[in-house]
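Read through the structure below, which is laid out as structure tokens, and then see the notes.
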Amino acid sequence: MEHRSSVLIYGAAALGEVTQDVADASVQEALDGGINHFDVAADYGDAELRLGPWMPRIRDRIFLATKTGRRDKESAWQEINASLERLQTDRLDLLQLHAVGDLADLDRATGPGGALEAALQAQEQGMVGAVGITGHGDQAAATHLEALRRHPFATVLTPLNPVLWRDDAYRADYEALVAEVRRQDAGLMTIKTVSRRNWPEGDAHRYTTWYEPYDDQARITAAVSWVLAHDEVTGIPTAGDVGLLAMLLEAERNRIPVAEAEAQLAGDAAYSSPFVSMPW
């Protein structure tokens, strides 16, 4: 059955460290806001466990994606099966190889005995509808281009925001990836829409995101509007904190012109790549 996903994807990393009551309220807020695509991962703490109780009620009307961060076939296979159990379902619409951000990691995941073999086995057995790839870092776009040369992944989840676009090397890699995505008719989703910068040293982390996000409506609207003006982008996950969801929903509903969005973000001298320092 064909599914048309909402342009906003529920980023279930937000559920990794919350109670079931908080998770339930956030999932309901997403559903009420028109989100019908949920993206989680085995590595997101208790997030799969928080989504699981919803599946008997909503599984047939949402697109459900999870990820395996394992790199070898055997442990990836075990993790895929554990994810299905935690999510209380027997099928995933999309399984993604998680956080593949450089060529060495890609080699491990796609080489002989790698996690890709487990993903394809799950697909052959009807446990998984499609197989995708995700990743962070300034090499992500180039790595995902090479991934598409090795295997026809159905989807790619790669970083994009205005500050990354200003980097000539990253923009060139991203544009090359877009060309290949279009050639293969793959789905392109992007992450780090509302990332502002790395958390300043010594600063209290006010959100559960590993980067400091924008948390005012004007700049969230600007960032969302800018990314979604790229017609190659099929969807963006919401930020990994339940407290930001309402502003992302508002931003998607009331987008502003690209020039206005760029002007809004240009006024922030602290705006920088989240990949200067990553916590792993």
Side-chain angles (χ1 to χ4, degrees), residues 1 3 5 9 11-13 16 37-45 47-49 51-52 55 59 63-137 139-159 173 176-177 180-191 234-235 237 278 280:
M1 184 175 68
H3 174 90
S5 285
I9 298 164
H37 183 145
F38 286 72
D39 183 82
V40 66
D43 292 338
Y44 291 166
E48 290 181 331
L49 293 171
L51 277 181
M55 290 308 119
R59 181 66 192 92
F63 187 94
L64 180 62
T66 195
K67 314 180 190 80
T68 176
R70 306 294 182 165
R71 296 296 181 251
D72 66 283
K73 180 180 180 180
E74 183 177 352
S75 62
W77 178 253
Q78 292 171 354
E79 190 164 74
I80 293 163
N81 281 274
S83 287
L84 287 166
E85 184 175 346
R86 287 192 295 266
L87 287 165
Q88 300 183 35
T89 185
D90 60 359
R91 60 185 173 86
L92 300 164
D93 295 302
L94 176 66
L95 175 74
Q96 299 154 105
L97 304 185
H98 191 196
V100 181
D102 59 45
L103 291 177
D105 227 10
L106 182 66
D107 287 343
R108 288 190 288 272
T110 63
L116 178 59
E117 292 183 3
L120 295 177
Q121 180 176 320
Q123 187 179 36
E124 289 164 5
Q125 294 188 16
M127 300 155 59
V128 167
V131 176
I133 191 165
T134 83
H136 299 86
Q139 298 301 307
T143 301
H144 296 159
L145 172 59
E146 175 59 24
L148 286 174
R149 290 171 175 155
R150 298 183 185 186
H151 178 79
F153 288 97
T155 64
V156 174
L157 183 63
T158 210
D173 288 342
L177 172 62
E180 186 62 19
V181 162
R182 284 180 162 149
R183 191 185 73 81
Q184 293 194 24
D185 195 25
L188 178 63
M189 301 169 286
T190 62
I191 51 176
T234 59
M278 293 191 289
W280 58 83

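Position 1 is the first residue of the sequence; numbering continues from there. All of these numbers come straight from a predicted model, not from anything done at the bench.
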Atom [atom1] of [X] and atom [atom2] of [Y]: how far apart are they, to the nearest 0.5 Å?
X	Y	atom1	atom2	answer
Q96	T68	CD	OG1	11.0 Å
L49	E85	CG	CD	9.5 Å
L64	E48	CG	CD	8.5 Å
T143	L103	OG1	CG	4.5 Å
D105	T110	CG	OG1	10.0 Å
L148	L188	CG	CG	9.5 Å

Salt bridge check, R59 against D93: does any charged N sit closer than 4.0 Å to a carboxylate O?
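Result for this pair is yes, salt bridge flagged.
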Contacts under 3.5 angstrom, residues 124-136 side chains, donor-acceptor by atom type, not counting sequence neighbours:
residue : atom : partner : partner atom : Å
T134    : OG1  : A99     : N            : 2.9
H136    : NE2  : K192    : NZ           : 3.4

If you draw a 6.0 Å radius around CD in Q184, do more than 12 non-hydrogen atoms from other residues or ligands fall strictly inside?
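It does: Q184 CD has more than 12 such atoms within range.
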Identify the heavy atoms of [X] and [Y] that sit nearest to each other, and give their distance.
X	Y	result
A47	A12	CB-O, 3.2 Å
A65	H37	CB-NE2, 4.3 Å
A41	T66	CA-OG1, 3.3 Å
A186	F153	CB-O, 3.7 Å

Quick one: are [X] and [Y] in side-chain contact, heavy atoms under 4.5 Å?
X	Y	answer
H151	L120	yes
L145	R149	yes
V40	L87	yes
Q78	R70	no
E79	D43	yes
D39	M189	no
T158	I191	no

Is there a donor-acceptor pair under 3.5 Å between the side chain of R71 and the backbone N or O of G69?
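Yes, because the side chain of R71 sits within donor-acceptor range (under 3.5 Å) of the backbone of G69.
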Within the side chain of H144, is there an N or O that forms a donor-acceptor pair under 3.5 Å with the backbone of V100?
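Checking the backbone N and O of V100 against the side chain of H144, a donor-acceptor pair under 3.5 Å is found.
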Aromatic plane relationship, H98 with Y44 - under 30° parallel, 30 to 60° tilted, over 60° perpendicular
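The arrangement is perpendicular - the two ring planes meet at more than 60°.
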Just do the side chain to side chain contact (heavy atoms under 4.5 Å, CB included) check on L116 and R150 with the steps written out, would you?
CA-CA 11 Å; L116 178 59; R150 298 183 185 186; over 6 Å; no
Check L95, L94, L157, I80 against K67 for a side-chain contact (heavy atoms from CB on, under 4.5 Å) and give me the one that passes.
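So, applying the side-chain contact (heavy atoms from CB on, under 4.5 Å) to K67 and each of L95, L94, L157, I80, only L157 qualifies.
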